[in-house]
**Student:** 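To start, I am sharing the structure in question, which I have written as structure tokens.
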Amino acid sequence: MIDIHCHILPGIDDGARNAKESLRMAMIAAADGVKKIVATPHVKETIHSADFLKKCVTKLNDILQKRQVPVEILYGADAYALLAPEDLKRYTINNTRYILIEFPYTHIPLNAADILFKMALQGLTPIITHPERIPTVIANPETLLSLLKGDVYVQITADSLVGNFGSKAQDCAIYLLKKGAVHFIASDAHSSIVRRPILSGAVDLAERIIGKEKARMLVEDNPLAVITGKPL
Ligand SMILES: [Fe+2]
């Protein structure tokens, strides 16, 4: 499996606090069957340079190699949707056109279609992160579904699907899955203790809802297309 959303870089954001914690997270992911992890630090209040983040990825890969943890870390970011689209271009996943974008926790803005269109004009393909946790989407999933025209994709959080973000987020995740409006399941992991980098439980559940083949696409085929810059 490939996890396209994980706060595994040490000491950068509210994810892994240090390299030991990054190592623990990578070991948990490896044991769960994850082979590649896109490191996606928040690019929001603190805007680290892309060069700096890429160096952090290289450093972490060196540590994992030395410790023989069979996981490769790739470059990416969890980019705030309201940043200027031309600035977002530096934070695409593995230097492809795909980018994780995070809307405000409370709502999807009324001008979201315009925001997404401006990203497309910059050559970006946005992947909307965890909409199932956004109250206005929970209240009216149509606000999300209406945005999924053209090259706009959706990532839900594994923990939402298994109920760790409460029944409303879980119900919304299941609803979006059944609607065919989910393209990725990712961990959005922040530590080795809570919000862990585990996908298997969510994939098992997704298999029961949409079938094995479609569920595996969300953690294998689609993420592979993203990190190699191919169409989904
Ligand atoms: Fe995140």
Side-chain angles (χ1 to χ4, degrees), residues 1-17 21-22 24-26 28-29 32 34 36-48 50 52-54 56-57 60 71 73-83 87-88 90-94 96 98-109 112 115 119 124-135 137-138 144 152-162 164-166 169-170 172-173 176 182-199 202 218-219 222-223 226-227:
M1 294 186 283
I2 300 169
D3 187 358
I4 64 160
H5 187 167
C6 187
H7 297 261
I8 195 168
L9 289 186
I12 299 291
D13 60 3
D14 57 344
R17 269 182 301 165
E21 180 67 351
S22 302
R24 276 193 288 264
M25 289 172 74
I28 290 169
D32 196 49
V34 171
K36 293 179 196 288
I37 295 174
V38 183
T40 53
H42 291 288
V43 173
K44 189 178 179 184
E45 285 95 358
T46 309
I47 314 246
H48 292 290
F52 170 70
L53 295 177
K54 283 173 186 172
C56 294
V57 168
L60 182 55
V71 171
I73 309 296
L74 302 170
Y75 170 70
D78 188 1
Y80 193 48
L82 306 189
L83 297 177
D87 292 338
L88 291 175
R90 289 175 280 139
Y91 299 101
T92 61
I93 295 173
N94 206 25
T96 63
Y98 293 99
I99 184 162
L100 284 192
I101 62 148
E102 180 180 57
F103 280 115
Y105 297 128
T106 48
H107 66 287
I108 287 195
I115 290 170
M119 288 179 191
L124 296 167
T125 300
I127 300 171
I128 299 171
T129 62
H130 45 68
E132 80 285 356
R133 283 156 48 193
I134 300 176
V137 177
I138 289 172
L144 173 76
V152 178
Y153 300 102
V154 167
Q155 171 256 308
I156 61 167
T157 302
D159 267 354
S160 298
L161 200 52
V162 298
N164 290 346
F165 280 100
Q170 185 180 31
C172 186
L176 296 175
V182 175
H183 309 92
F184 309 92
I185 296 173
S187 72
D188 192 9
H190 281 64
S191 84
S192 64
I193 297 162
V194 286
R195 303 184 69 182
R196 305 195 309 154
I198 289 178
L199 300 178
L218 308 182
V219 289
N222 289 352
V226 162
I227 63 169

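Not measured: the values here are computed from a predicted model. First listed ligand is number 1; within each ligand, the first listed atom is number 1. Sequential numbering from 1 along the given sequence is applied to the chain's residues.
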**Student:** Under 2.8 Å from the Fe ion (ligand 1), which protein N/O/S atoms are there?
**Tutor:** H5 NE2, H7 NE2, D78 OD2, D188 OD1
**Student:** Can you tell me how far SG of C56 sits from CG of L9, rounded to the nearest 0.5 angstrom?
**Tutor:** 5.5 Å
**Student:** List the residues meeting side-chain contact (heavy atoms from CB on, under 4.5 Å) with V162, not counting sequence neighbours, and say none if there are none.
**Tutor:** D159, N164, A202
**Student:** Using the salt bridge (Lys or Arg N to Asp or Glu O under 4.0 Å) criterion, which residues pair with D87? Sequence neighbours excluded.
**Tutor:** R90
**Student:** Find the distance between NZ (K36) and CG (D3) and round it off to the nearest 0.5 Å.
**Tutor:** 13.0 Å
**Student:** Could you list the residues that satisfy ring-ring contact (aromatic ring centres under 6.0 Å, His included) with H107, not counting sequence neighbours?
**Tutor:** none
**Student:** Given 3.5 Å as the limit, does a donor-acceptor pair link the side chain of H190 with the main chain of R196, or not?
**Tutor:** no
